[in-house]
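A short write-up of the structure that comes next.
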Amino acid sequence: MAQRRISGGKLFITGEMCTATDGERAVPVNDLLDRASQRSDKMHSLSTLLTQEMDSHFPPYGRMQMPRPADCHTSALQTPNDKEQALQVSESDLMSLARSLLQAWVDPLAVLSTSAITLPHPSKSSISSKIQELQEHSKSLADGLDILSGKMGPSAQAISFLPYTGGTDLGQDRVTILNKFNFLLSCLRRDSHKIDSFLKVLRCRAAKLQPELC
Amino acid sequence: TMKKVGEVVLLWLLILFIHNAAGEGYSPPGKPTNISCRSPEKETFTCWWKPGSDGGLPTTYALYYRKEGSQRVFECPDYKTAGKNSCFFSKNVTFVWVNYNITVVATNSRGRAFSDPVDIDVVYIVKPNPPEEVVVNVTEDKDWPFLQVSWKPPKMADTRSGWITLFYEVRLKLENKNKWEEVSAGQRKTLQIYSLRSGGTYEVQVRCKPDHGFWSEWSPSSRVKVPEYFPQERSMWILIVVFAAFILVIFIWMVYMNFHSVKRYLLPPVPGPKIKGIDKQFLKSGKSEDIFSSLVVSDFPPTTSNYEDFLVQYLEVYVPEERELIMDEGKDLQDDSFKTENSTCDNDSGRGSCDSHTLLTDKGGGDKEDGQQSDQEGSQAEADTKSQEEALEEELLACSHENLQSSNVSNEKEKVKSWPSLFSPLPQYSLSPVNRPNPPKTGQQHCLSDSLFTPNSMPSYFTQPGPSTRKGFRSNYWECSFDHKQSHPLHPQSAAHEHLQAQNDLNTAHVDYMGAPLDVHVLNVRPSEYVEVQRVSVEDGVLLHPVSPSQEDSRTLSHQTEDYSRVRVVNNDNGLLLLQRDAIEEEKSMCPYQEDVVSRASITPTLQNSATGINIALPILDEMAASGYIDTATMFGLPTH
């Protein structure tokens, strides 16, 4: 059981958090976190590119109003809203949040992937390939976080269930489809940023061996 | 009506003027535009707008915002901190992962204008401040200095907790240049820069960027001067020059050591004239008459007497109590002939043209004392049969081996004047009175006759004689040897002498031997050239040595018996192949005759074309290990077993 102590905003992690064994070798946790944060960084970059690519060719007249991110299917998850809040969240909770968000997007990514093939958009092939890449990263990251959370205790392994209820069909007409697509992408962009931020906070908390990174 | 129109227009203009003058020149403000917001550390943010026209009236601007999921409108809490036309959102009002809907309203007394709403999320608009405390040091290393750049993240950015992750970039340029060189430093906070210009002044700047955000502005330039370190390069050049000079010296020394071979390779020596009796210096003098006269030798065309001398040569083996071969004359002749060319022995001419005292000094000519039995009949066939003659003679020598062996030769050496010349194919010899009856002479005759019948097969003797010819010889040999075996022992010398005499009598062939210089010797040939036969081994073997003045003394005392060598092969041009013991033994298995082989015998090559009167330099046969080839070039210091 990891022992945590909050002191001045800094969290000192002792115990099992310090080291994690992967099979025969002892892989340090900070190294695993480093890898995880790199992958989440890549995921967020991809989603940012996707939204930019969508906007570049989006007919201005057909665009709806700004999608309301509050309507994202993951909005129910309570996440910190500023730095102070974020730094007060425990590592396990941070890990749990990250894993919950990651899990919540498995289904929507599948929907996006299937919809991208027939997307009425000139860059649909590029969009489709990016979404597929996102899926791969998501799967790989989920596996890595599973291992990490196993080192951090049961509270880290708790995942909040955030079902996607949008259905597999994005709409019938072109405008509806595009708007729905945009909306989902914006939700993905934010959630991927959250995951990335949580993991990077965790990384710096565990970076005893590499203080120069933080 | 014209007047009326003018009045209406004037009235209308008046109304307008009044209207404007009444203060209606002001208009509501223009719409604010270009709302941009930035957050330096993801904890606060600032929005700026561009105001529109103010409409001539004091216009106030207000920024209102709404957060997502709420309809509550807030106004900007701070218009001042960030300057004019800005709104600063402090930490208290800044939330991340929340959409802000921001609108700027311009208001003046005439109205208000709303800007287009802008949606932002703080985490997407991060643009940090430039890095701070940029320090650039030039290292103390005088040889190859480099820059050490270090910096700190901007104050507000909290990188320690991982809330914000920054990447850095450094750029530098020479002070007087315009091109910046950018170097990425990752997340590190230090950087080393090498390959600096000696004595140059550099400007260094640093900037940073969050993992998902915008680049900061460049930090203010930090100037640094690189010290002079060029002298080091100069010392390196000095080292290179010294090394090159060293290499050059070695090269010159090598060329000097091999100067001659290099010179020979580059400038091969030009063969000079080698005409006996012609002085090279004399030629250079350029007197044509004298030159041509020198070319005409008195002896040419040879007179009958001279012809005889130089055609007929005899190999005389003298009985010790009988006449001694006089070598003096020959030597004198030889010396004379050698005069002109003794000194010149350069590299281009054949070895025959050199003064080689190993060559037979026999200058041709018959045996004076024995009488010149030979005639010039076969002179024409000389060229063809020369070598053949030699072979035959050797064969005869070999045939008479036993004779020699059996006899007790007390004479220390035998001097053979010359090879008997087997000239004509007809054995027209008559045995001269010999000391002892020589039944084997018939055998010898056989040897001779048989061998003589193969005049044209000589060329094949050079390497391997044709089976037929060889057989001819061999059979002759065997025949002879066999006969000789049974014969009573004869004095080797005498027997040899007899044998040779018979050969002489046969007059069957002429073998000419030339002294070492092959050129014009033939013209000065005297019949008194001898080949000295020296004993080679205990057993029967003849060592034929050309008599040389220098060696004669030593030879006379060294050998007591004569040995014979069997003629193995005769070179087409020159040389006789004398078999060595081993070779003989294995070949002549039939012949129980034991022979010792002359290890070496040097016999000068014969004259190729006596008609021309000029000898051709004949190649010297190399000595073959197994088969005692006559090495004409070998010196007198031959081992005599």
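Within every chain, numbering begins at 1; the chains are lettered A, B, ... in the order of the sequence lines, protein sequences first and strands thereafter.
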Looking at side-chain heavy atoms only, is the closest gap between B:Tyr124 and A:Arg190 below 4.5 Å?
-> yes
Least distance between heavy atoms, B:Lys42 atom then A:Ser197 atom | NZ-OG, 4.3 Å
Considering residues, nucleotides and ligands other than B:Glu175, do more than 12 of their heavy atoms fall under 6.0 Å from its CD?
-> yes
For chain A, which residues of residues 205-215 of chain B have heavy atoms nearer than 4.5 angstrom | B:Asp211, B:His212
Any A:Arg203 side-chain heavy atom under 4.5 Å of B:Thr165 side chain | yes
Starting at SG of A:Cys72, measure out to CD of B:Glu68 and round the result to the nearest 0.5 Å.
-> 8.0 Å
Anything under 30° is parallel, anything over 60° is perpendicular, the rest tilted; go ahead and classify B:Trp97 against A:Phe198.
-> perpendicular
Segment of B:Gln187 engaging chain A (4.5 angstrom heavy-atom cut-off) | both
Specify which of B:Thr94, B:Asp121, B:Thr159 makes the most heavy-atom pairs with chain A at under 4.5 Å.
-> B:Thr159
Whatever's closer than 4.5 Å to a heavy atom in chain B on A:Thr48 counts as neither
Toward chain B, the part of A:Asp196 with a non-hydrogen atom under 4.5 Å | side chain
Closest approach of A:Cys204 and B:Gly162, non-hydrogen atoms and distance?
-> SG-CA, 3.4 Å
In terms of heavy-atom contacts, does NZ of B:Lys225 have more than 12 from other residues, nucleotides or ligands at under 6.0 Å?
-> yes
Against chain B, work out which of A:Glu84, A:Lys194, A:Lys83, A:Lys200 has the most heavy-atom pairs shorter than 4.5 Å and name it.
-> A:Lys83
Does atom CZ of B:Arg66 have more than 12 heavy-atom neighbours from other groups under 6.0 Å away?
-> yes
Taken in chain and number order and not counting sequence neighbours, the residues that satisfy side-chain contact (heavy atoms from CB on, under 4.5 Å) with A:Thr51 are A:Leu185, A:Arg189
